[in-house]
Amino acid sequence: MSSGAIDIEEFENADADDFEERTDTERIVVFLDEHDDRAWKAASIAERLGLETDAVSAILSRLKERGLVRHKRPYWAITDDEERLQSAYQLHRYHETADDQYGEEHLEDIQTDELEDVQ
């Protein structure tokens, strides 16, 4: 991911718009990865990507919990653990591929009579 490249098989098998539609989380990770020589304030990331600052802050916090970004108040930067970042990207692509092939899972759809509601 940090090299700005994908393998040719992924490229050949992708539809033309597969690389255009990214989630806000993906956009933030890609932005930080492409600018890995700098640390950014959440508001600056939000401004650059056209997102709400609160949404960016929440996403960055979740990414920090997963070890994908580093944080020293008030700045954020991509992880320096390339292996962790690559593994997360591969897992993400795996889930996207599974969703495309089998459809997205919805917990409410797979509940059975044996599952009890917890309240």
Side-chain angles (χ1 to χ4, degrees):
M1 194 158 132
S2 64
S3 69
I6 59 173
D7 73 80
I8 197 66
E9 184 177 349
E10 182 178 349
F11 173 80
E12 293 295 341
N13 292 327
D15 291 331
D17 61 349
D18 279 355
F19 306 113
E20 295 296 323
E21 296 180 35
R22 291 189 170 136
T23 66
D24 292 345
T25 301
E26 290 170 324
R27 292 177 61 208
I28 291 169
V29 170
V30 168
F31 174 82
L32 290 174
D33 193 41
E34 289 175 347
H35 300 89
D36 63 353
D37 60 331
R38 304 187 60 82
W40 300 83
K41 291 183 177 181
S44 296
I45 297 169
E47 182 180 325
R48 295 267 184 129
L49 297 177
L51 301 171
E52 296 292 324
T53 301
D54 290 342
V56 170
S57 294
I59 291 168
L60 288 168
S61 293
R62 287 193 304 272
L63 290 169
K64 182 182 176 203
E65 290 172 7
R66 294 176 53 201
L68 298 175
V69 297
R70 298 173 282 163
H71 180 56
K72 290 183 183 177
R73 193 174 297 232
Y75 295 99
W76 297 88
I78 197 72
T79 183
D80 55 0
D81 185 344
E82 289 289 324
E83 188 174 315
R84 183 174 190 82
L85 188 59
Q86 189 64 31
S87 293
Y89 177 73
Q90 288 171 344
L91 180 62
H92 172 71
R93 294 295 295 163
Y94 169 78
H95 284 286
E96 281 186 339
T97 301
D99 285 347
D100 289 344
Q101 287 181 330
Y102 306 110
E104 292 183 37
E105 288 186 359
H106 301 287
L107 183 58
E108 63 275 4
D109 294 341
I110 59 173
Q111 288 182 343
T112 67
D113 293 336
E114 296 168 6
L115 292 174
E116 296 180 23
D117 289 333
V118 179
Q119 296 182 17

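In what follows, residues are counted from 1 in the order of the sequence shown.
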Does any N or O in the side chain of [X] come within less than 3.5 Å of the main-chain N or O of [Y], such that one atom is a donor and the other an acceptor?
X: Arg27; Y: Leu49; value: yes
X: Glu26; Y: Thr23; value: yes
X: Asp33; Y: Val29; value: no
X: Arg70; Y: Trp76; value: no

Are the side chains of Ile28 and Leu51 in contact, using a 4.5 Å heavy-atom criterion? yes

Taking the side chain as every heavy atom from C-beta outward, state whether Ile45 and Leu32 have any atom pair closer than 4.5 Å.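 In contact.
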
What class does the angle between the rings of His35 and Trp40 fall in, given that below 30° is parallel, 30 to 60° is tilted and above 60° is perpendicular? perpendicular

Nearest 0.5 Å please: distance from the [atom1] atom of [X] over to the [atom2] atom of [Y].
X: Arg66; Y: Ser61; atom1: CZ; atom2: OG; result: 13.0 Å
X: Thr25; Y: Leu60; atom1: OG1; atom2: CG; result: 9.0 Å
X: Asp36; Y: Ile78; atom1: CG; atom2: CD1; result: 8.0 Å

Of the non-hydrogen atoms in Val56 and Ala42, which two are nearest, and what is the gap between them?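 It is CG1-O, 3.7 Å.
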
